[in-house]
Protein chains: 2
Amino acid sequence: MTQETAPPSRLEALKVACSACNLRELCLPVGLTDDEMLSLDDMVSTRRSVKRGESIFHAGDPFAALYAVRTGFFKTVVSASDGREQVTGFQMAGELIGLDGISTDRHSCDAVALEDSQVCMIPYGQLESLSREFTLLQHQFHKIMSREIVRDHGVMLLLGSMRAEERLAAFLLNLTQRLQARGFSASALVLRMTREEIGSYLGLKLETVSRTFSKFQEEGILEVKQRDIRIIEQSALQRVVNGTSA
Amino acid sequence: MTQETAPPSRLEALKVACSACNLRELCLPVGLTDDEMLSLDDMVSTRRSVKRGESIFHAGDPFAALYAVRTGFFKTVVSASDGREQVTGFQMAGELIGLDGISTDRHSCDAVALEDSQVCMIPYGQLESLSREFTLLQHQFHKIMSREIVRDHGVMLLLGSMRAEERLAAFLLNLTQRLQARGFSASALVLRMTREEIGSYLGLKLETVSRTFSKFQEEGILEVKQRDIRIIEQSALQRVVNGTSA
DNA sequence: CGGAACCTTGATGCACCTCAAGCATGGTGG
DNA sequence: CCACCATGCTTGAGGTGCATCAAGGTTCCG
């Protein structure tokens, strides 16, 4: 349950190299020159394995580094004082986790692995110095933070003014789009999260998520077998999101 | 209720000095040395007046600068393709507007003045170069972006799992806390936005916002006269937020 | 093979939305 | 300066989308 900063028994003999990583076009190094990439390689020197259910960090933990998802799948969760929880995002390969920690030097959410995963550790102090040196890195980092803000505003729109079907349709389209950018099929996906986690993210109860999946299936938009989803009619999903279907 | 630090009887849109601004402890310059502050003064050289109802920028506009609220009050609004709108935030003196634009070089929301206001323009390219030079400025800027992310996550929690009374109570407590940080009373405030705008922000209809205000008044928690709000029992509001009152 | 975690589906209730009507406020022009 | 009108606010009555409660089914794994 507690985070292990240096996994004791696991030898990370592999030197992690951004320059050799197949995610470099999606991750922090986008657009860097070869020189700059080599400096990144120095900074991002540790990879950490996280088992399903384990957390990279918890709310309240001191902030020291960002984490880039190398393989696997994560959720971030904020908690209210009364125990209510809200999933604020799902992160897949190439995405950055931990930006929340910069503001107060402590993390404000939990980052939990939804399957066995690996993350690359990016010591924050070093990122700041390196991005003073490399304009492109600096700009790319700012873009990533800004993108998170824009994404959050989209979620607010979803939570504030969409109905259950619209929320789930938007969620599925977003997931497939990101999976597609990583070379996966646009029409078949395996959900890494439970109905309850989807519900938490979308501001719905798990029963409503389940019913909505069933409804989409009845309508021939999806084929749903537990966590295996096949999208039969993407355009129909798009229409649902736009409210053009009710 | 509007604060005017230096009543601008002349055209003062010329020279702005962060170093002389009473908001410098809340705004971008937090923690800078005198030297650094002077460089900021060079960068933030234009102030712009915005009349009530006007926008600093619209969704789709090219991104070139950030704006620090000098006086007045703003809302930011994102729109879906079908016309649905969501207020994503309300900004007051010392707060930064426009961070959304970095991600795609275009703004993704509208920033609308809710009263006659003034903003300081911070050319983004210059901010990037200056923050390559000044570590503290760089860090402060990152903190501001991160804070926005954390705030957004809090709004998601609110939208995803709180009921109407809890949302409004949380909203009022947040407003008064920010006003208090600016030297205003913690118990009396004048709302700069309509019930509809509050509702949009909180994911509620204006009638629900109005009814909830009335309910708080009946319960002796607030005194509500249109946009004049007096908080009679702050602890009760806090209890409502925590769900300890239902 | 048995239990835990997860998912589906049905019945019922309620929080909030929708629709509607009337009141308050403030800006504007005669 | 006042009358007028647009905009915003309040309140009521009724409807509905989703939550809640409940029961049973499926899958995974020790």
Side-chain angles (χ1 to χ4, degrees), chain A residues 51-53 75 84-87 112 114-116 158-171 190-219 222-229 240 243 245-246, chain B residues 1-2 51-54 73 75 84-87 112 114-116 158-169 171-172 190-219 222-229 240 243 245-246:
Chain A
K51 281 220 155 33
R52 176 162 175 251
K75 68 171 175 180
R84 273 182 292 208
E85 292 191 344
Q86 173 77 23
V87 171
V112 185
L114 296 181
E115 58 183 344
D116 293 358
L158 180 147
L159 290 172
S161 66
M162 293 188 165
R163 302 188 298 92
E165 292 176 36
E166 297 166 342
R167 295 184 198 188
L168 188 62
F171 170 70
V190 179
L191 298 174
R192 266 44 260 214
M193 67 294 280
T194 67
R195 302 290 190 257
E196 186 168 18
E197 286 160 340
I198 296 173
S200 172
Y201 182 61
L202 298 179
L204 302 169
K205 291 293 154 182
L206 70 95
E207 294 95 328
T208 303
V209 173
S210 179
R211 273 185 248 272
T212 308
F213 270 126
S214 300
K215 179 144 188 278
F216 285 163
Q217 179 159 245
E218 279 161 29
E219 290 170 345
L222 297 181
E223 194 182 309
V224 183
K225 281 204 207 104
Q226 304 284 115
R227 296 198 182 182
D228 288 328
I229 309 289
V240 171
S245 86
Chain B
M1 217 34 179
T2 315
K51 282 221 154 33
R52 176 163 175 246
E54 288 179 357
F73 212 92
K75 66 171 176 181
R84 272 183 293 209
E85 294 192 340
Q86 173 77 23
V87 171
V112 186
L114 296 181
E115 59 182 343
D116 293 357
L158 179 147
L159 291 171
S161 66
M162 292 187 168
R163 35 210 27 283
E165 291 175 40
E166 295 166 344
R167 296 185 197 188
L168 188 62
F171 170 70
L172 290 172
V190 179
L191 299 175
R192 307 294 24 159
M193 68 295 278
T194 66
R195 301 289 190 259
E196 186 168 18
E197 286 161 339
I198 297 173
S200 172
Y201 182 61
L202 298 179
L204 301 170
K205 291 293 153 182
L206 70 94
E207 294 95 329
T208 304
V209 174
S210 179
R211 274 185 247 272
T212 309
F213 269 126
S214 299
K215 179 142 190 280
F216 284 163
Q217 180 159 243
E218 279 162 28
E219 290 170 345
L222 297 181
E223 194 181 309
V224 182
K225 280 205 208 100
Q226 305 282 116
R227 296 197 181 183
D228 288 328
I229 309 288
V240 172
S245 85

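Chain letters run A, B, ... following the sequence lines, proteins first and then strands; every chain starts at 1.
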Engineer: Measure all distances between protein nitrogen or oxygen atoms and nitrogen or oxygen atoms of nucleotides 21-24 of chain D, and list the pairs falling under 3.5 Å.
Structural biologist:
from   : atom 1 : to       : atom 2 : distance (Å)
D:dC21 : N4     : A:Glu207 : OE2    : 3.2

Engineer: Please tabulate, one pair per line, each protein N/O and nucleotide N/O from nucleotides 6-9 of chain D that are separated by under 3.5 Å, including the distance.
Structural biologist:
from  : atom 1 : to       : atom 2 : distance (Å)
D:dC9 : OP1    : B:Arg227 : NE     : 3.2
D:dC9 : OP2    : B:Arg195 : N      : 2.8

Engineer: Residues in side-chain hydrogen bond (donor to acceptor under 3.5 Å, both in side chains) with B:Glu219, at least two apart?
Structural biologist: B:Lys215
Engineer: Which value, rounded to the nearest 0.5 Å, describes the distance between A:Phe171 atom CZ and A:Ile198 atom CD1?
Structural biologist: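 Here the rounded value is 4.5 Å.
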Engineer: Can you give the donor-acceptor pairs under 3.5 Å from side chains of residues 203-214 of chain A to other protein atoms, not counting sequence neighbours?
Structural biologist:
from     : atom 1 : to       : atom 2 : distance (Å)
A:Thr212 : OG1    : A:Thr208 : O      : 2.6
A:Ser214 : OG     : A:Ser210 : O      : 3.1

Engineer: Can you pull every protein N or O that's under 3.5 Å from an N or O on nucleotides 16-18 of chain D?
Structural biologist:
from   : atom 1 : to       : atom 2 : distance (Å)
D:dC18 : OP1    : A:Ala164 : N      : 2.7

Engineer: Between CG of B:Leu172 and CD1 of B:Ile229, what distance do you get to the nearest 0.5 Å?
Structural biologist: 6.5 Å
Engineer: Over its full length, what angle do the end axes of the helix from C:dC1-D:dG30 to C:dG30-D:dC1 make, each axis taken from five pairs and the result rounded to 10 degrees?
Structural biologist: 40°
Engineer: Looking only at non-hydrogen atoms, find the nearest pair between A:Leu158 and A:Ala170 and report the distance.
Structural biologist: CD1-CB, 3.9 Å
Engineer: Of all nucleotides in DNA chain C that come within under 4.0 Å of a heavy atom of chain A, which is furthest toward the 5' end and which toward the 3' end?
Structural biologist: C:dC6 to C:dA11
Engineer: Take the protein atom CG of A:Asp228 and the nucleotide atom P of D:dT26, then report the distance between them rounded to whole Å.
Structural biologist: 16 Å
Engineer: Could you report the tightest heavy-atom contact between A:Val112 and A:Gly53, atom names first, then the distance?
Structural biologist: CG1-O, 3.7 Å
Engineer: Could you list the residues that satisfy salt bridge (Lys or Arg N to Asp or Glu O under 4.0 Å) with A:Arg84, not counting sequence neighbours?
Structural biologist: A:Asp82, B:Glu166
Engineer: In chain order, what residues pass the salt bridge (Lys or Arg N to Asp or Glu O under 4.0 Å) check against B:Glu85, with sequence neighbours excluded?
Structural biologist: none
Engineer: Does A:Leu114 offer a backbone N or O that forms a donor-acceptor pair with the side chain of A:Arg192 under 3.5 Å?
Structural biologist: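 No, the answer is negative, given that no donor and acceptor are paired below the 3.5 Å cut-off.
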Engineer: Please list all pairs passing the salt bridge (charged side-chain N to carboxylate O under 4.0 Å, His left out) test where one or both residues lie in residues 193-204 of chain B, with sequence neighbours left out.
Structural biologist: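 Sorted result for residues 193-204 of chain B: B:Lys75-B:Glu197.
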Engineer: Dump the intermediate steps for side chain to side chain contact (heavy atoms under 4.5 Å, CB included) on B:Glu165 and B:Phe216, then the final yes or no.
Structural biologist: CA-CA 8 Å; B:Glu165 291 175 40; B:Phe216 284 163; 4.1 Å; yes
Engineer: Find the distance between OH (B:Tyr201) and CG (B:Leu168) and round it off to the nearest 0.5 Å.
Structural biologist: 12.0 Å
Engineer: Restricting to salt bridge (Lys or Arg N to Asp or Glu O under 4.0 Å), what partner residues turn up for B:Glu223, sequence neighbours left out?
Structural biologist: B:Lys225, B:Arg230
Engineer: Which residues satisfy the salt bridge (Lys or Arg N to Asp or Glu O under 4.0 Å) test with A:Arg227, sequence neighbours excluded?
Structural biologist: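 In terms of salt bridge (Lys or Arg N to Asp or Glu O under 4.0 Å), with neighbours along the sequence ignored, A:Arg227 is linked to no residue.
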Engineer: For B:Arg52, does its backbone N or O pair with a side-chain atom of B:Asp116 as donor and acceptor, under 3.5 Å?
Structural biologist: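 Present.
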